[in-house]
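FYI, the numbering just counts along the sequence from 1. Keep in mind that this is a model prediction, so the values were computed, not measured. Each ligand, and each atom within it, is numbered from 1 in the order the structure gives.
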Amino acid sequence: MAGLKFEHIYKIYDNKFTAVNDFNLEIKDEEFIVFVGPSGCGKSTTLRMVAGLEEISKGKLYIGDRLVNDIEPKDRDIAMVFQNYALYPQMTVKDNMSYALKIAKVPKEDINRKVKAAAEVLGLEQYLDRKPAALSGGQRQRVALGRAIVRNPQVFLMDEPLSNLDAKLRVQTRAEISKLHEQLATTFIYVTHDQTEAMTMADRIVIMNNGVIQQVDTPINVYSKPENLFVATFIGSPQMNLISGKIIKEDDDYYMENENVKFHISQEKALKLQDLGYLSKDIVCGIRPEHIYDGFRKTNSTLIGKVDFVELLGAQQYAYIKCKEEKITCALSVENLLEKNKEIKIYLDEEKMHFFDKESQKNILI
Ligand code: ATP
């Protein structure tokens, strides 16, 4: 078991492309860290640098107290699980799981004991003599996990391990990996582009874009206190509504206004924004679809719009409302099924609104 420390890590490929840009992070021992971000943001490259599969261009990487920049992958005491499982097709499950230990010349009894223990943890006992071709995708991924577990590494690295599984199996295996992390009490670094995986599994999430860390925080904080527009719109589905406009003051009340909408904003937030010089300046207001309601709420912030279209999901309905040309997405309960083209009054939770600087894109009030 070990923590990790990334100090000003860069990956600059031979073609001069900077895939990872000044990456700084401390991962605590036994922590479950998820790197998340859109395709090409540099998350796999970062993981591969930890594994030693990719050279670090600049900066220092420590696993535990050991500087590992120049340490061979096999000597880093890590185990990696890949998206495509990377099992040996001609070997049985048992041999796949034993292979690394055999190479390391671990005594046979120890190998058998470790494989048996890992197979028990993963529910693979009855499959030990099968070959990978005779297993389902989920079972294969468990073998890949088993092969990592038997090595008892200090750090588990996982690169999109669930992306080849169907939706149902993905949910199930997600829970199994979380349980495994609890049982093994080892540091996990997990790469995904799926925000639900990140939110449900991580102790802390590292959100990346264009090779740069955007925010490192707990799932609840990246959701409720996104540091910038990128994080605000990347986390949460449907995406946070963003409304550009200006804050204006009328008597003692403050409003967000543009050519399509005008809605009340909380006095407390408005005063802070005013102190920071944002009155009458271009600003972006963000509000999540689930913080807008179609039934009465105690709020001064309301809008009238027209239902553009509705998606019924069963437990919820997503309503796309047009207030003149401003499109607002609402995630509503299904008590009141909305109809297209109907006029509707919506209630916005003023306490849940975010305000972003138009230029820096930073969340101003956190
Ligand atoms: P994905 O989810 O699609 O795997 P990712 O966030 O894991 O994306 P990386 O695989 O880390 O992204 O790639 C980061 C960037 O580095 C991408 O823009 C990619 O095109 C670029 N890249 C990767 N390998 C090389 C290489 N050998 N030479 C040049 N550029 C590379």
Is there a donor-acceptor contact under 3.5 Å linking the side chains of [X] and [Y]?
{"X": "Tyr254", "Y": "Gln274", "answer": "yes"}
{"X": "Asn24", "Y": "Glu7", "answer": "no"}
{"X": "Asn112", "Y": "Asp110", "answer": "no"}

Taking atom CD of Glu55 as the centre, does the number of heavy atoms from other residues, nucleotides or ligands within less than 6.0 Å exceed 12?
no
Carboxylate-amine/guanidinium proximity below 4.0 Å for Lys362 and Glu227
no
Is the Tyr99 to Tyr88 ring centre distance short of 6.0 Å?
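Yes: the rings meet the under 6.0 Å criterion.
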Residue contacts for ligand 1, heavy atom to ligand atom, distance under 4.0 Å
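Lining ligand 1 at under 4.0 Å, by heavy atoms, one finds Tyr13, Asn15, Phe17, Ala19, Pro38, Ser39, Gly40, Cys41, Gly42, Lys43, Ser44, Thr45, Glu160.
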